[in-house]
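Here is the structure we will look at.
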Protein chains: 2
Amino acid sequence: MTDIHLDSAKSRAADPVIAQLEQQILSGKLVNGAPLPAERDLMEDFGASRTVIREAIIALSNRGLIESKPRYRPIVRKPDYETVLNATGKIVQNLLTETGDVKNLYDSRVFIERGLVREAALTATKDNIADLKAAIAANEAAISNSVAFYETDVAFHGVLYRIPNNPIFPAIHMGYTAWLAPHWDKMLRSPERNELNFHAHEAILGAIMERDPDAAEAVLKSHLDAAWEHVRTTFTS
Amino acid sequence: MTDIHLDSAKSRAADPVIAQLEQQILSGKLVNGAPLPAERDLMEDFGASRTVIREAIIALSNRGLIESKPRYRPIVRKPDYETVLNATGKIVQNLLTETGDVKNLYDSRVFIERGLVREAALTATKDNIADLKAAIAANEAAISNSVAFYETDVAFHGVLYRIPNNPIFPAIHMGYTAWLAPHWDKMLRSPERNELNFHAHEAILGAIMERDPDAAEAVLKSHLDAAWEHVRTTFTS
DNA sequence: ATCTTAGTTTGGTCCTACCAAAAATGGAGA
DNA sequence: TCTCCATTTTTGGTAGGACCAAACTAAGAT
């Protein structure tokens, strides 16, 4: 539904062009990574003016199907989850104007990760556990360096998103990281806080290893709630 | 990160225009719902050619900040979650070319809803329960009409997404509905299946009312797994 | 084979022009 | 005074041409 209304939408010369290019990209007729044909060639192919071709390229570019750097030949991109996230990013940013919106986004993250740690507690493999341990070790090693710690912190949570073996989740994680980061980096960091988070991660892993989803969820939740509280007080003070 | 590279991206006349219009929309200087100034006025305001103005409008339109129907004046849209979902829709569609992708998306839906029913079992209010009951009643009333039942089915799950009181979730629900629908409507429907689903919904509600998150999750999961299995067999047969 | 350089392609931007549909206008009729 | 219809004006959509500077190519020099 929605958008395939042929009724009200009479014309728009660029639409057929967009559709066909889109199809050619997805079908592989336009090879991924290869440059798009020159605009002047496309206008001959489609029998359209350069204006129209150009409009189509812009649209496809905004959808992530074409990567167009300023003065270079546009490059065909068969989209993956990351591409989509990237293209979606600018759109989502517009939503995060009020702190309420950021809170909603953060809450959804907490919701997701609660599910993730439950899942982890139930199904984590030896490899998953090993990954988590490695990530936590990296946490510990970076406690004294807040910038580095942030990286390892993100990485730890990233491991959680990879456990379900569904590429959508890592993409979501990238989204959260990128979208929340701007509202995050005002947060005060300190070795003390880093150590706190490190221990929280340890506790989460512990619950996962004991195959206790309720405990894992509880620890994760209090961990993330504390983080938010920290940010919130930073905002309002 | 990503995209604010001032390094490689030399110029692009439309970018400042996009940025300023974006800011004016978000700040409310350009009133939500009001028509955008005429292109010829904008080119005077920004001292840019119509080409550039037009490019900016297209870009903003693709981002959902402007709603431009074919021959009408573009309308300013201060984006809400729904707008974002709409704008994201076309992008996401490109990912769902293979059934594996659809499966991934569906799995993520199951993941989310498992969390939702747990949440419901723990925190659902009287009103939530009432909404669920009403939705289920609508299910029952529509059992004989598969088209109508589908609507009420979606509506039932929609109630779950509203329980956390976070506008992001209903938006996600809309996304799932819209994105999965095309791959869904090939599914065979029948009053028998409708009745099955109706009973599953009843069971979910039952578990929620008994405040038993594990049971609620289990019932929900088997409900959705069965639905997928049904679709899958339809595909491969 | 590598570097330099002259020539060609190509995207970015501006401009002019025209059309058809929308919106604004204004007047006729109730 | 209000409604409705016809006319004018505005406005978005598309076409085509022109020019520039940067990117690309190919030929020639080292």
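Letters go in sequence order (proteins before strands), and every chain restarts at 1. Just the heavy atoms: all of them, side chains too, but no hydrogens, waters or symmetry mates, feed the values below.
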* Structure fact -> From CD of B:E55 across to P of C:dC14 the rounded distance in Å is 10 Å

* Check the distance between C:dA20's P and B:Y72's OH and give it to me in whole angstrom. => 17 Å

* Structure fact -> Of the listed D:dG13, C:dC15, D:dA15, the closest approach to the B:S49 side chain comes from C:dC15

* Rounded to the nearest 0.5 Å, what's the gap from CD1 on B:I75 to CG on B:L30? Could you check? => 13.0 Å

* How close or far is atom P of C:dG11 from atom CD1 of A:I66, stated in whole angstroms? -> 11 Å

* Aromatic ring proximity, centroids under 6.0 angstrom, A:F111 and B:F169 -> yes

* Asked: If each of B:P74 and B:T51 is mapped to the nucleotide of DNA chain D with the nearest heavy atom, which maps nearer the 5' terminus, i.e. the 5' end?
  -> B:P74

* Asked: Expressed in angstrom and rounded to an integer, what is the separation of A:I53 atom CD1 from C:dT10 atom P?
  -> 14 Å

* Asked: Would you say a side-chain N or O of A:R73 is under 4.0 Å from OP1 or OP2 of D:dA23?
  -> no

* **No-H, no-angle donor-acceptor pair, A:R50 side chain to D:dG17 base, under 3.5 Å** => no

* With ring centroids as reference points, do A:W184 and A:Y176 lie under 6.0 angstrom apart? -> no

* To do: Please report, rounded to the nearest Å, how far the P atom of C:dT10 is from the CZ atom of A:R71.
  => 14 Å

* Nearest of D:dA15, D:dG13, C:dT10 to any side-chain atom of A:R40? -> C:dT10

* Between D:dG13 atom C1' and B:L42 atom CG, what is the distance in whole Å? -> 16 Å

* Round to a whole Å and report the spacing from CD1 of A:I58 to P of C:dG11. => 13 Å

* **Side-chain ion pair, B:E44 and B:R40, N-O less than 4.0 Å** => no

* Asked: Of B:A38 and A:V52, whose nearest nucleotide on DNA chain D comes first from the 5' end?
  -> B:A38

* Please state how far atom CZ in B:R12 lies from atom P in C:dC14, giving the value in whole angstrom units. => 13 Å

* Does B:K103 have any salt bridge (Lys or Arg N to Asp or Glu O under 4.0 Å) partners at least two apart in sequence or in another chain, and if so, which? -> B:D107

